[in-house]
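Below: one structure, written as structure tokens.
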Amino acid sequence: MLNESRIDIYDYLYNLFYDVVTKNVYSMREPQELTKSDTTDGFIVIRVGDLIDASEFSRHAYGEVRCYVQAFVPPISRGRLDYEKYKVFEDGINTAISLAMEAEGNGGYSIQEDNILSSDAEETSTANNSYFTFIKSFIVIIDEQE
């Protein structure tokens, strides 16, 4: 049986993206109150889906979980996309994921390459600020040797 805390997965993802993409990294959902840096520089939110346990009776515990990272990029003005900031977020997220795939099995975690999906949208934050968002979805594989 997989003995994995969701907090450990959030911690792994936080460390994966912190300072590679931005220092404004939040888990589970966007913050209730945004800092000045959040509103001017943007931020990312990490979400962890349902943990699927695929453990075997041979005492080899492993599983997978679909994770999401969402970059909130503030507009330049009047709803115009800041292409430079958007590209920095997109490239930073892609780089962090690529580095994690190269360091396969780092700390019992790896990222599955063929399940990476991305999308974009426009959202209004809980603080009523408008953002362009870049959303990346990927699978984290958890491998525990007992």
Using 0.5 Å steps for rounding, measure from the [atom1] atom of [X] to the [atom2] atom of [Y].
{"X": "Phe132", "Y": "Tyr83", "atom1": "CZ", "atom2": "OH", "answer": "8.0 Å"}
{"X": "Leu34", "Y": "Thr39", "atom1": "CG", "atom2": "OG1", "answer": "6.5 Å"}
{"X": "Ile76", "Y": "Glu84", "atom1": "CD1", "atom2": "CD", "answer": "8.0 Å"}
{"X": "Leu13", "Y": "Ser27", "atom1": "CG", "atom2": "OG", "answer": "8.0 Å"}
{"X": "Ile111", "Y": "Glu102", "atom1": "CD1", "atom2": "CD", "answer": "11.5 Å"}
{"X": "Ile9", "Y": "Ile46", "atom1": "CD1", "atom2": "CD1", "answer": "11.5 Å"}

Residue pair [X] / [Y], side-chain heavy-atom distance below 4.5 Å:
{"X": "Val69", "Y": "Phe17", "result": "yes"}
{"X": "Asn94", "Y": "Lys136", "result": "yes"}
{"X": "Tyr86", "Y": "Glu90", "result": "yes"}
{"X": "Lys85", "Y": "Pro74", "result": "yes"}
{"X": "Val73", "Y": "Val88", "result": "no"}
{"X": "Val65", "Y": "Ile142", "result": "yes"}

Donor-acceptor pair, side chain of Asp11 and main chain of Ile7, under 3.5 angstrom: no
side-chain contact (heavy atoms from CB on, under 4.5 Å) evaluation trace for Met101 with Ser110: CA-CA 6 Å; Met101 287 188 308; Ser110 59; over 6 Å; no
Minimum heavy-atom separation for [X] to [Y], with atom names?
{"X": "Pro75", "Y": "Ser130", "result": "CD-O, 3.1 Å"}
{"X": "Ile139", "Y": "Glu64", "result": "CG2-CB, 3.8 Å"}
{"X": "Asp38", "Y": "Pro31", "result": "OD2-CG, 4.3 Å"}
{"X": "Leu16", "Y": "Val20", "result": "O-CG2, 3.7 Å"}
{"X": "Gly49", "Y": "Arg6", "result": "O-NH1, 2.6 Å"}
{"X": "Gln70", "Y": "Ile135", "result": "CG-CG1, 3.7 Å"}

ring-ring contact (aromatic ring centres under 6.0 Å, His included) partners for Tyr26, two or more places apart: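 Scan of Tyr26 (ring-ring contact (aromatic ring centres under 6.0 Å, His included), adjacent residues dropped) gives Phe43.
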Asp50 CG: over 12 foreign heavy atoms closer than 6.0 Å: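 Open: at most 12 neighbouring heavy atoms sit under 6.0 Å from CG of Asp50.
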Tyr14 atom OH, neighbour heavy-atom count above 12 within 6.0 Å: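 Buried by this count: over 12 neighbours within 6.0 Å.
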Whether Tyr131 and Phe72 hold their rings parallel, tilted or perpendicular, with breakpoints at 30° and 60°: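 Ring orientation, 0 to 90° scale: perpendicular.
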same_hphob_cluster(Val45, Ile93) at 4.5 Å side-chain heavy-atom cutoff: no
Connected via hydrophobic side-chain network under 4.5 Å: Ile97 and Tyr68: no
Contacts of Asp120 that satisfy salt bridge (charged side-chain N to carboxylate O under 4.0 Å, His left out) - sequence neighbours left out: none
Proximity of Tyr12 and Tyr109 rings by center, below 6.0 Å: yes
Working for side-chain contact (heavy atoms from CB on, under 4.5 Å), residues Val25 and Asp19: CA-CA 9 Å; Val25 179; Asp19 218 14; over 6 Å; no
